[in-house]
Each structure stands twice: as structure tokens, then as C-alpha cells.
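Everything on this sheet refers to the single structure shown next.
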Amino acid sequence: MPEAVPRLPGTVSRRGLLLGGGAVLAAPWLAGCAAEAAGPRPDVSTLVGAITSEQDLIATYEAAKAAAGSLARRLDPVLAHHRRHLAVLKRHYVPGSGRRAHEGGAIPPPHAAELPQGPTEIVAALRLAEDRAAAARRADAAKAPPGLAQLLASIGACEAGHAETVRAHPPADPAESANQAIQTALAAEHAAVYGYGVLGGRLRGGLQQVAKTYWDVHRAQRDKLVSILSVRPVAAAAGYRLPVKVTNARSAARLAAALEDDLVPAYVGLAGASAADLRVFAADSAERSMARSAKWRSNAGEGAPPEAFPGLPAAALSPRPEPGE
């Protein structure tokens, strides 16, 4: 066995590796004398992968907060965990030097994942990222030495918990009086899903991809409405009479605008629910539908939506005074 090498700055002693109860979390670079004659150490490259993953998750969460500030309160505790994961992983990372400088490789710069638009969609993307990170740490544990495997397993468990923490929580169960408004919105979403399936075939390139993205948005919205209903949800029809006949890209855009327009009154109606979380959900949904409608109108060469109060019943513009007013 070669002569003992002085400890590098930032490493820990073998005594310092002892944990409570006699368990040992071995620093991954202390692989014994046999490692000196071996090839590149898998623990270093495994650490590089785990560090890269945490850096990317941190960058993605920061991008999510910048894109949807309303999510900050939910995401900040999770982001703090990832920063702690990264700090500890970097403590264990000791790349090769001298004759072993080729081992491990450099850590790439952080890279944020591309995020969809909208808080609900962003949360779904973050949940998927956490699921993938947890699976990667599980796979890493099989390649790492026992001490490092413990650390990676712990991080993976935390990330599996994050996937549930950032899950988009549906509004609380609605009162019976809100169920009909939810059913109305659900019926409109069924029609939108059907209509986007029809119009998508008349589009090409970027607009076709936009239509596909919005089709997925409406499918997710449909499923969310089903999840918050406390009664049997209204079923989708086998087919729908569409308000615009689709013959080309322009008429496809006009149909998309009409489908979004039809959703607005449904969600404005739901905004009258007694539950505050349902009202916020409905108002947000109405705004998103109107924004998508305006975008499709522009693509069809048409002007801005004509209504100053889209989706609002005429009676709501001149409410009757309450007794005593």
C-alpha cells in the first residue's frame, strides 16, 4: 500500500464520517488503495451528474418564480431544499488531480428547463422535473459506493416528496349550487377539445404547434373540472356542431377564437361561486380563454374582441338595489 497522502482541504477525517448509531456515510473519494490502480472513479462522475441536476432544478425553479410570481410562496421551500442539496453534494465533490486529473470532468453551467405558460402548467412541468430527478438519484444509488448511495437516496426521497408538494391542488369541493356552473364550463371544455382536434389538421408549422399546445391545455382544464365536481360529470358528446366551417388556416383560426369565446361566459358564470378559490380559478380561466381568443383573431386577420364585458350577463350591468339601499 502506498504511503498515506495528506488530506485535501475541505475533506473530512474518517472519524468525522461516523454518524449516530454507528452508521457510516463514507466520503465517496475514500475508496481505498485499490482505487489508485483503477480507471476513472464512477463516484466522481455520478456526483457531477447529481450536481448538474440540482443546479438545473434551481435554475428552473427561479425561472418559474419569475414567470409566475403567484407561485413563489409554494416554491420557495422546495427551492431552499435544492440549494441545500447542491451545497452538500459540492462538499463531496473532489475531482481528480495530477495523474488523475482526467477523472470526473467539469461541472457544466446551470440550465433552466423550458417552461410552459400559466401557473398550473408550470407546476405540472416542475412536478415532472422532480419525478425525473428522483428517478435519476435512484439509478445513481446503484452505481455509487454505499456512503454516497445513502446521500443520493435521501435526496431522491426528498425530490419524490417535492413532486407531491408542488402538485397543483384543485379548489376545495364546491357547494351544490356551484356544480351546475362547473358542468357548464366542463361542457364548453369538451367542445373546445373536440374543436381543436378538428382545426389542428388545417394548420401547419408554428400555428399547428400552438393549436396542439392549447388542445393539451383544454384537456388538462377538462380533467381539473372533473376532479372538483361532487356529482357525475357531464359527458362529452360524440360530435359537436362547430360555429365555423374549417376549410383553411384562416377559418381554423376563426374557429379557435370562437371556441375560446364560448368558454368565457361559462367561466364568468362560475366566478359567481360562493367559494373564493373557485372564483379565482374561474376568473383566471376566463382571462386565459380571452387572451387565446385575441391571439387567434389576430392570426385570422380580425380585430380585437368586440365585447367590453365578455361573458357577463346583461342583467349584471344594472343590478337592482338591495332593500334598504
Report summary line: Residue set satisfying salt bridge (charged side-chain N to carboxylate O under 4.0 Å, His left out) with Lys295, at least two apart, ordered chain then number -> none

Report task. Answer yes or no: is there a side-chain heavy-atom contact under 4.5 Å between Thr184 and Leu270? Result -> no

**Report entry** Apart from Val217 itself, residues in the same hydrophobic cluster as defined by side-chain heavy atoms under 4.5 Å
**Finding:** none

Requested in this report: Report, as yes or no, whether the 6.0 Å neighbourhood of atom CZ on Arg254 holds more than 12 heavy atoms from other residues, nucleotides or ligands.
Outcome: no

Query raised in the report: Going only through I, L, V, M, F, W and Y residues with side-chain contacts under 4.5 Å, is there a path from Leu86 to Val48?
Result: yes

Query - Ring-face cation contact, Trp296 with Arg292, 6.0 Å cut, 45° max - result: no

Query raised in the report: So, Glu260 and Arg297, do they make that salt bridge, N to O below 4.0 Å?
Result: no

**Report entry** Set of residues satisfying ring pair (Phe, Tyr, Trp, His ring centres under 6.0 Å) with respect to Tyr267, sequence neighbours excluded
**Finding:** none

Report summary line: For His190, the ring pair (Phe, Tyr, Trp, His ring centres under 6.0 Å) test, sequence neighbours excluded, returns none

**Report entry** Single-linkage hydrophobic cluster, 4.5 Å side-chain cutoff, Val210 and Val246 together
**Finding:** yes

**Report entry** Pairing residues for His82 by the ring pair (Phe, Tyr, Trp, His ring centres under 6.0 Å) criterion, not counting sequence neighbours
**Finding:** Tyr61, His85, His162

Query raised in the report: Are any of the side-chain nitrogens in Lys212 or Asp216 under 4.0 Å away from the carboxylate oxygens of its partner?
Result: yes

Requested in this report: Supply the atom-to-atom distance Ile51 CD1 to Ser53 OG, rounded to the nearest 0.5 angstrom.
Outcome: 10.5 Å

Query raised in the report: In Å and rounded to the nearest 0.5 Å, what is the CG to CD distance from Leu199 to Gln208?
Result: 10.0 Å

Query - Donor-acceptor pair between Ser293 and Asp261 side chains, under 3.5 angstrom - result: yes

Query raised in the report: Which residues pass the side-chain contact (heavy atoms from CB on, under 4.5 Å) test with Ala59, sequence neighbours left out?
Result: Pro110, Ala112

Requested in this report: Look at the aromatic rings of Tyr240 and Tyr194 and report parallel, tilted or perpendicular, splitting at 30° and 60°.
Outcome: tilted

